[in-house]
Amino acid sequence: MKAWIQKHSILLTLLLVIAVMAMIYGFSAQTGEQSGAMSGKLTTWVINLFVPDFDNMTEENQESLRYTVGFLIRKTAHFLEYALLGFSLMLHIAQIEKKIVVRLPWLWAWVIGTLYAAGDEFHQSFVAGRGPSVRDVMIDSSGVIAGVLLIMWILRRRKQRLAILKKM
């Protein structure tokens, strides 16, 4: 099984990249109402968990808190889904590097992820109740680079551990 996975690692990591892209596309295809309902439920849950006296707050303060928490949840979701994309892109490129030399692999992963983010925002301009946002592309791009850096760190640590084991 391990040999089969190693033999097909490029294909498997490509499928992972495609799956992450499909997940992102699916979230972006939701209407503004559907997306708002999903983040609204999570917002309510977070507020109930961390703000026990929410019901005693003024209506204005409740609305302000709902908006702030909802905004943070939506932007964190953007960051995390694109961090997953950056992680999977860099993992895929690392597999390709085993076969051919790739100059600046982290840059390729970041550029591809950022271009996907820009295309995704363009896609949202055709979805009811949604619209494109340069700020979201910047958040998404930051997520991509975070995912890229995480997998680079993991792969470097793995390489160091294997080198130590070979010396033993």
Side-chain angles (χ1 to χ4, degrees), residues 9-51 54 57-97 100 102-155:
S9 62
I10 292 175
L11 175 62
L12 293 171
T13 55
L14 177 61
L15 291 174
L16 176 62
V17 169
I18 292 169
V20 172
M21 288 179 164
M23 175 200 67
I24 292 169
Y25 182 88
F27 284 134
S28 294
Q30 293 177 332
T31 65
E33 188 177 314
Q34 292 168 322
S35 177
M38 183 187 300
S39 61
K41 287 178 186 175
L42 186 55
T43 299
T44 300
W45 181 80
V46 168
I47 288 172
N48 288 336
L49 183 65
F50 293 106
V51 187
F54 180 76
M57 296 171 71
T58 66
E59 190 77 28
E60 185 179 320
N61 286 345
Q62 285 180 349
E63 214 33 56
S64 176
L65 185 60
R66 261 192 219 100
Y67 175 81
T68 301
V69 172
F71 177 83
L72 291 172
I73 286 171
R74 288 191 311 278
K75 300 313 165 189
T76 300
H78 267 269
F79 182 87
L80 292 175
E81 64 188 12
Y82 278 89
L84 184 58
L85 179 60
F87 186 95
S88 62
L89 281 165
M90 191 63 210
L91 187 61
H92 178 60
I93 292 170
Q95 296 308 309
I96 291 172
E97 274 191 305
I100 61 172
V102 178
R103 293 190 185 268
L104 302 173
W106 64 270
L107 184 61
W108 282 103
W110 177 70
V111 167
I112 292 167
T114 301
L115 287 174
Y116 190 78
D120 185 54
E121 288 300 315
F122 178 71
H123 161 243
Q124 286 184 31
S125 68
F126 298 102
V127 178
R130 303 289 292 268
S133 167
V134 172
R135 175 178 54 199
D136 284 352
V137 174
M138 293 170 63
I139 293 168
D140 299 344
S141 181
S142 299
V144 170
I145 201 67
V148 167
L149 291 172
L150 177 60
I151 191 63
M152 287 175 63
W153 179 77
I154 290 170
L155 292 174

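- With contacts defined as side-chain heavy-atom distances shorter than 4.5 Å, the pair Met90/Leu155 does not qualify.
- In this structure a side-chain-to-backbone donor-acceptor pair under 3.5 Å is present from Arg130 to Gln30.
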Exercise for review: I would like to know whether Val17 and Met21 meet side-chain contact (heavy atoms from CB on, under 4.5 Å); could you show each step before the answer?
Suggested key: CA-CA 6 Å; Val17 169; Met21 288 179 164; 4.1 Å; yes
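- Inter-residue side-chain proximity for Leu85 and Glu81 is flagged as unmet; no heavy-atom pair is nearer than 4.5 Å.
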Check your understanding: Would Phe50 and Val69 satisfy side-chain contact (heavy atoms from CB on, under 4.5 Å), going step by step from the backbone distance to the final call?
Key -> CA-CA 11 Å; Phe50 293 106; Val69 172; over 6 Å; no
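- Ring geometry, His123 versus Tyr25: the interplanar angle falls under 30°, so the pair is classed parallel (tilted spans 30 to 60°).
- Between atom CD of residue Glu121 and atom NE2 of residue His78 there is a gap of 5.5 Å, rounded to the nearest 0.5 Å.
- Although no hydrogens or angles enter the test, the distance criterion places no donor-acceptor pair under 3.5 Å between the side chain of Gln124 and the main chain of Ser28.
- None of Leu89, Val144, Val137, Thr114 except one satisfies the side chain to side chain contact (heavy atoms under 4.5 Å, CB included) rule with Tyr82; the exception is Val144.
- By the 6.0 Å contact criterion, CE on Met138 is open, its count of non-hydrogen atoms from other residues, nucleotides or ligands being 12 or less.
- Annotation for Ile24 and Asp120: closest pair CG2-OD2, 3.8 Å, computed over non-hydrogen atoms.
- More than 12 heavy atoms of other shown residues, nucleotides or ligands fall within 6.0 angstrom of atom CD in Glu97.
- The two residues Gly70 and Thr43 have their closest heavy-atom pair at CA-OG1, 3.2 Å.
- To the nearest 0.5 angstrom, Leu14 atom CG is 4.5 Å from His92 atom NE2.
- Annotation: the span from Met152 atom CE to Trp106 atom CH2 amounts to 8.0 Å, rounded to 0.5 Å.
- The main-chain N or O of Gly86 is never found under 3.5 Å from a side-chain atom of Trp110 such that the two would form a donor-acceptor pair.
- Remark: the backbone N or O of Phe54 is paired with a side-chain donor or acceptor of Gln62 at under 3.5 angstrom.
- Put simply, the side chain of Thr68 never gets that close to the backbone of Leu65: no donor and acceptor are under 3.5 Å apart.
- Minimum heavy-atom separation, Pro105 to Ile93: CB-CG2, 3.4 Å.
- Classified by interplanar angle (parallel below 30°, tilted 30° to 60°, perpendicular above 60°), the ring pair Tyr67/Phe71 is parallel.
- Between Ala146 and Phe79, the closest heavy-atom pair is CB-CZ, 3.6 Å.
- Separating the CG atom in Leu11 from the CG atom in Leu16 is a distance of 11.5 Å, to the nearest 0.5 Å.
- Between the side chain of Asn48 and the backbone N or O of Thr44, at least one donor-acceptor pair lies under 3.5 Å.
- Taking CH2 of Trp108 as the start and CG of Leu104 as the end, the distance is 9.5 Å to the nearest 0.5 Å.
- A distance of 10.0 Å separates OG1 in Thr13 from CD1 in Ile18, rounded to the nearest 0.5 Å.
- At distances below 3.5 Å, not a single donor-acceptor pair connects side-chain atoms of Ser64 with backbone N or O atoms of Glu60.
- Between Met57 and Val51, some side-chain heavy-atom pair lies under the 4.5 Å cut-off.
- Lys75 pairs with exactly one of Leu80, Asp140, Asp136 by the side chain to side chain contact (heavy atoms under 4.5 Å, CB included) rule, that one being Asp136.
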